[in-house]
Number of protein chains: 2
Amino acid sequence: MTKLASQKNPTILDVAEKAKVAVGTVSRYLNGQSLRSGNSEKVAIAIADLGFRRSNAAAELRRTKSKFVGFILPMFDEFHTDVLAHVIQDLREHGYIVLPYSHGNQKLHLPDALSYFSEHRVAALITSGDTGYEKHAAALRALKIPLILYSNELQGLDVDRVLVNDRAAAIGATRHLIEMGHRRIAVLTGNMADSTAQSRFAGFCEALAQDGQPPPAPNRIAGGGWLQHHGYLGTKALLDLPEPPTAIFSSNYMLTLGAFQVLREMGLSVPENVSFVTFGDIAHYPFYGGGVTAVQFPIQSIANSITEHFISRHQGKDLPLSRTISHDCSLIIRGSVRRI
Amino acid sequence: MTKLASQKNPTILDVAEKAKVAVGTVSRYLNGQSLRSGNSEKVAIAIADLGFRRSNAAAELRRTKSKFVGFILPMFDEFHTDVLAHVIQDLREHGYIVLPYSHGNQKLHLPDALSYFSEHRVAALITSGDTGYEKHAAALRALKIPLILYSNELQGLDVDRVLVNDRAAAIGATRHLIEMGHRRIAVLTGNMADSTAQSRFAGFCEALAQDGQPPPAPNRIAGGGWLQHHGYLGTKALLDLPEPPTAIFSSNYMLTLGAFQVLREMGLSVPENVSFVTFGDIAHYPFYGGGVTAVQFPIQSIANSITEHFISRHQGKDLPLSRTISHDCSLIIRGSVRRI
DNA sequence: TTGTATGCGTTATCAC
DNA sequence: GTGATAACGCATACAA
């Protein structure tokens with residue numbers, strides 16, 4: 001059989017031959033290392049002529065450090081997708097490839113994800129650290145790769161963390177309600193097993209306490225999960241109270257969605273019938289009725305910190321086992337809080 | 001130096017040795033092929049004992065067909081992210097890995113994406129086929145891999161297409177406006193270089209024609225791009241008309257967002273001051289004012305068709321060079337259209 | 001810096 | 001089906 005060059009992809013051997021340099025030189029070129037002046041051009045020309053593309057599989061196999069980074073997101077919702085998109089962008093500029101893995105809001109099956117990432121020998125794992133990770137701490141440690149958490153705190157693991165000041169933001173949002181004259185304030189919490197849900201609730205309570213108010217009565221606490229139906233059911237219960245709240249503090253945007261669903265069904269509007277403050281700002285909130293007052297996450301900063309954590313960790317410098325960065329949120333005041 | 005087993009990842013050789021079978025047998029096991037009864041168990045036990053994980057890089061290097069599939073999306077917006085998420089899920093069930101590439105709404109730099117995908121030897125390329133692809137047709141052909149387009153039509157390439165019946169949906173949406181008594185109807189178009197923008201506009205005009213109306217006057221046609229600011233500027237112009245439209249037909253959800261921004265700034269509301277119909281349904285539309293009447297895309301069906309196209313193409317069956325599947329959309333009627 | 005040789009871990013190809 | 005062996009394409013250690 002005659003060799004048909006067009007049949008096979010050209011390799012660095014072909015490039016080396018054509019450029020009349022050694023394969024090592026081509027490899028050095030591909031990895032951005034310096035070569036003798038003049039050689040760069042020769043190699044570049046040969047690559048262009050041959051239409052050569054390095055095989056990432058071969059490089060990956062031979063490399064000591066993988067270029068893949070795993071990213072687990074609970075679902076492709078606005079917040080997580082936004083973080084993911086930024087991280088993909090940031091890491092690509094450093095030459096890394098992000099492998100997203102979503103468990104589609106099914107019950108988390110972390111072992112599946114870990115086995116998937118093991119196959120790809122990912123250099124690190126980025127995740128929001130949802131409920132249930134503690135159970136798999138051993139498996140995570142067995143991966144022997146850096147773990148980078150964003151959004152949620154997670155105890156008992158040596159990881160880098162990128163958090164937001166949930167508590168402070170919750171205090172600010174609640175205080176805004178108080179300043180606008182609200183006293184019967186209810187709260188929609190997230191899944192209280194998650195640290196974000198706890199911190200936001202704690203901040204809410206603290207703002208109340210600072211105002212000299214008692215902690216919220218149990219029937220003013222609803223939700224208990226992150227999804228729309230939690231917000232729906234929770235808000236329904238709150239509004240059915242003999243003394244319904246004049247304002248609601250919501251712990252994320254999906255709860256808020258569910259709340260709005262109820263309000264719509266009951267023919268109530270914001271802020272005329274009930275005031276509203278929510279965690280999580282989305283592109284649509286400015287136009288929801290009079291606009292929704294919301295706690296905005298600094299997505300760009302979160303993504304940057306994730307990237308920085310990864311890069312420094314991957315350089316293998318001497319680093320503490322665990323580092324935490326916290327970012328502040330902004331309260332975007334719109335029209336969903338009525339002064340009473 | 002003594003060999004420390006814990007230092008290196010176990011390989012199929014280790015598994016084969018431990019299970020007392022040949023490496024080929026282990027490979028067959030890993031790829032789901034049938035083994036002599038009893039051998040499966042032996043291999044499974046050895047794998048579990050050793051904590052073995054196949055190296056995808058090595059497999060990918062040696063395989064004749066890659067397990068990677070490229071996916072280009074213009075941005076991580078609701079529509080494209082939704083399609084992506086479903087495709088990731090569908091393809092994972094078939095053992096394929098999706099590599100998303102977004103150009104972040106910058107000017108499309110297709111060569112970057114193609115070079116990235118070349119390195120990974122992707123088995124196929126999925127993309128919405130935005131404006132500007134024609135210029136790179138040669139480069140796309142040079143990849144010698146199946147191309148699967150969704151959303152946009154693209155002439156002059158042998159590709160599989162998954163489209164929606166934009167024209168029919170546009171007719172339906174416009175007819176709804178007409179049936180509700182509207183005669184002064186304006187349109188926000190997308191980028192008219194894209195087939196979706198053309199089809200939606202054509203459907204809009206056809207519905208008008210069916211009602212015996214003339215084509216829209218030039219000053220009733222605005223937008224000309226897919227982004228929020230196109231909707232903003234376009235709507236501003238429409239409402240500044242001596243005879244502003246009583247209803248607006250919007251070609252996607254971001255245009256609609258921009259339109260709502262203007263309406264809000266001008267203190268106008270939907271549908272009291274202007275009625276609205278939009279392409280693209282999103283989770284928030286039920287709660288926008290009285291709810292937004294919208295054309296809903298069948299995301300699940302689109303994703304399924306993409307997957308089917310890829311799988312059949314990848315099986316290498318004898319197939320026509322180009323296949324097209326079209327899906328119908330649904331008009332979700334809510335409260336953004338006033339009867340006049 | 002360059003050239004050469006070796007190995008990464010798997011799949012494909014045979015003969016059995 | 002199974003077993004032995006030859007690639008796959010690149011990075012790297014080593015000697016030059």
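Numbered from 1 within each chain, the chains take letters A, B, ... in sequence-line order.
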Worksheet item: Between Thr64(B) and dT11(C), is there a side-chain N or O to OP1/OP2 distance below 4.0 Å?
Response: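 Indeed not, no polar side-chain atom of Thr64(B) lies that close.
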
Nearest-Å distance for atom pair [atom1]/[atom2], residues [X] and [N]:
X         : N       : atom1 : atom2 : answer
His120(A) : dG9(C)  : NE2   : P     : 16 Å
Glu60(A)  : dA11(D) : CD    : C1'   : 12 Å
Lys67(B)  : dT10(C) : NZ    : P     : 15 Å
Lys42(A)  : dT1(C)  : NZ    : C1'   : 13 Å
Lys20(A)  : dG3(C)  : NZ    : P     : 12 Å
Arg28(A)  : dA13(D) : CZ    : P     : 12 Å

Worksheet item: In chain order, what residues pass the side-chain hydrogen bond (donor to acceptor under 3.5 Å, both in side chains) check against Tyr96(B), with sequence neighbours excluded?
Response: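 Expected list: His314(B).
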
Discussion item. The criterion is side-chain hydrogen bond (donor to acceptor under 3.5 Å, both in side chains); which residues satisfy it with Tyr150(B), sequence neighbours excluded?
Written reply: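 For Tyr150(B) the side-chain hydrogen bond (donor to acceptor under 3.5 Å, both in side chains) partners, ignoring immediate neighbours, are His80(B).
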
Practice prompt. Would you indicate which nucleotide in dT1(C), dT4(C), dT2(D) comes nearest to any side-chain atom of Leu35(B)?
Written response: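 Minimum distance to the Leu35(B) side chain belongs to dT2(D).
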
List every contact pair, protein side and nucleotides 8-10 of chain D side both N or O, where the distance is under 3.5 Å.
{"from": "dC10(D)", "atom 1": "OP1", "to": "Ser55(A)", "atom 2": "N", "distance (Å)": "3.1"}
{"from": "dC10(D)", "atom 1": "OP2", "to": "Ile12(A)", "atom 2": "N", "distance (Å)": "2.7"}

Discussion item. Quick check: closest heavy atoms across Thr11(B) and Asp14(B), and the distance to 0.1 Å?
Written reply: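 Closest approach of Thr11(B) to Asp14(B), heavy atoms only: N-OD2, 2.8 Å.
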
Discussion item. Between Val26(A) and Val21(B), which residue's closest nucleotide on DNA chain D lies nearer the 5′ terminus?
Written reply: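 Its nucleotide being nearer the 5' end, the pick is Val21(B).
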
Discussion item. By the definition ring-ring contact (aromatic ring centres under 6.0 Å, His included), identify the one residue from Phe68(B), Tyr116(B), Phe71(B), Phe76(B) that meets it with Tyr101(B).
Written reply: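 Looking at Phe68(B), Tyr116(B), Phe71(B), Phe76(B), the match for Tyr101(B) under the ring-ring contact (aromatic ring centres under 6.0 Å, His included) is Tyr116(B).
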
Worksheet item: Is it the case that Ser66(A) and His120(A) place a side-chain donor and acceptor less than 3.5 Å from each other?
Response: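 Looking only at side-chain atoms, His120(A) and Ser66(A) do not form any donor-acceptor pair under 3.5 Å.
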
Worksheet entry | Carboxylate-amine/guanidinium proximity below 4.0 Å for Arg161(A) and Glu153(A) |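 The answer is yes: the pair qualifies as a salt bridge.
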
